Amino acid sequence: THAGPVTAPLTFPTGFLWGSATAAYQIEGAAAEGGRTPSIWDTYSHTPGRVVDGDTGDVAVDHYHRFRDDVALMARLGLTSYRFSVSWSRITPQVTADGLGPVNPEGLAFYSDLVDALLAAGITPAVTLYHWDLPQALEDAGGWTSRATAERFAEYAGVVAAALGDRVRLFITLNEPWCTAYLGYASGVHAPGRTEDAAALAAVHHLNLAHGLGAAAIRAAVPDARISISLNLVWVRPETDSPLDADAARRVDGLQNRVFLDPLLRGRYPADVLADTAGVTDWGFVRPGDLQLVAAGGVDVLGVNYYSPTVVRHWTRERPKEYADGHGDGAASPWIACEDVEFPFRPGRKTDMGWGIDPRGMTELLVRMAREAPGLDLLVTENGAAFPDVVGPDGRVADPDRREYLRTHIAAVHAAITAGAPVVGYCVWSLLDNFEWAWGYGKRFGIVHVDYTTQERTVKDSALFYADVIRANAVQP
Ligand code: PNW
């Protein structure tokens, strides 16, 4: 028989966190229960034409009622960590731009019970305070274009931290502010669906400010809390070594990476981004002291979400622009001041989202962060892939593509650690198939399959694979 080469498993540091991630609106359902009021995603998903097939998060995967079973499932898989988000409008259902209003004990109780269930199962909770579900009343008063939203966010973050801080150590302020700002306010493919470039840049700043103010509020409530933010950093490369392609890559890096990293790590906005966008806004919403405040809030653990690689080139205007990143082929693009930037179609395998697959981006981004923020702990707060899958007659869900995606990306995390990046954990997106935002339930990211008629959960092969990785604290190269 043929004996393949013997390869040693890639072993992770002791205590490495193995988690999965979810977000409130994508899994909870119970949209009108427990005193919850609407968020921008309720409004958006109930607006005809916004979400594929008119799907909404009204019921989602009913996690609100099934959380104990879902925690039991996590325990079965051996997860040592779980990243979930809190629905702001469950906690302060009457918030307005002027104040939080009363705190809803039923809202806090849900998350408190969830935390207790996790701890009883030996699973370390990581709490995201904002995963895109802004209370609608705040959007009505300007949403993230308004400074008041950042101020109310900080107060809300302080309330949640005070309630859970005796049991939760890690608080992630914001999930992917890039998506909130540009997809929500420039391209409009996410809630609230606005398409104004200047509004998106105001949102960028108020999100950065929200992180800074929120970090201070969390630290005041829970002095030994560890603060994080999850950024969907882009691994962007120019197609050729021409100066014009390099400039395209610089712009995309500025808008997606440095406009969030520089305030956080250096207390300033990148000069090139300010210059590139000068025709859109004068950045007059940045007040003296804001950037110092963001840097002072700082970060103890940087959350990195990585899914796919990005290649750009200068657009020569000879033919219609290509948007292989999926953004901008509709009416509006999230790429502000990027009229000359093209995202060329690339050969190779794609996930069901149409996203390219290249684990090297994971290694490169983690190593870059280790270089630019020496000593800062890194946590992969999301990584995963959508593939269509089928429950076989024997009840098995064979998902070899997702399994291979996870194996190669976990190996890429190991490569980053070997190169010196202080990565403390990895969270697969996602535990369960769920409401994939504008795509609705048609795209499945879960390592656990959900039958949307019966809400039955079925562990996929990728979950069994992940359980093996966790048990061994190692992955096969
Ligand atoms: C992230 N894009 O979203 C989110 O944090 C998750 O809630 C989401 O389900 C997951 O990744 C999969 O999409 C993104 O268009 C959504 O570039 C869209 C983009 C990036 C991330």
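Note: hydrogens, waters and symmetry copies are ignored here, and every other heavy atom, side chains too, is used. Counting convention: from 1, in listed order, for ligands and their atoms alike. Given the structure is predicted, the values throughout are model-derived calculations rather than measurements.
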Euclidean distance, His409 NE2 relative to Tyr307 OH, rounded to 0.5 Å: 11.0 Å
Calculate, to the nearest 0.5 Å, the distance between atoms SG and NE2 belonging to Cys338 and His327 respectively. 12.5 Å
One should read off an interatomic distance between Thr56 OG1 and His46 NE2, to the nearest 0.5 angstrom, of 4.0 Å
Exactly one candidate in Phe12, Tyr426, Phe16 meets ring-ring contact (aromatic ring centres under 6.0 Å, His included) with His414; the answer is Phe12
Proximal protein residues to ligand 1, non-hydrogen atoms under 4.0 angstrom: Gln26, His131, Trp132, Asn175, Glu176, Trp178, Cys179, Leu183, Tyr307, His327, Trp355, Glu382, Trp429, Glu436, Trp437, Phe445
Atom pairs and distances, side-chain donor-acceptor, residues 48-55, under 3.5 Å, sequence neighbours left out:
residue, atom, partner, partner atom, Å
Arg50, NH2, Gly193, O, 3.3
Asp55, OD2, Tyr441, N, 2.8

Between Glu239 and Arg313, is there a side-chain N and carboxylate O pair less than 4.0 Å apart? yes
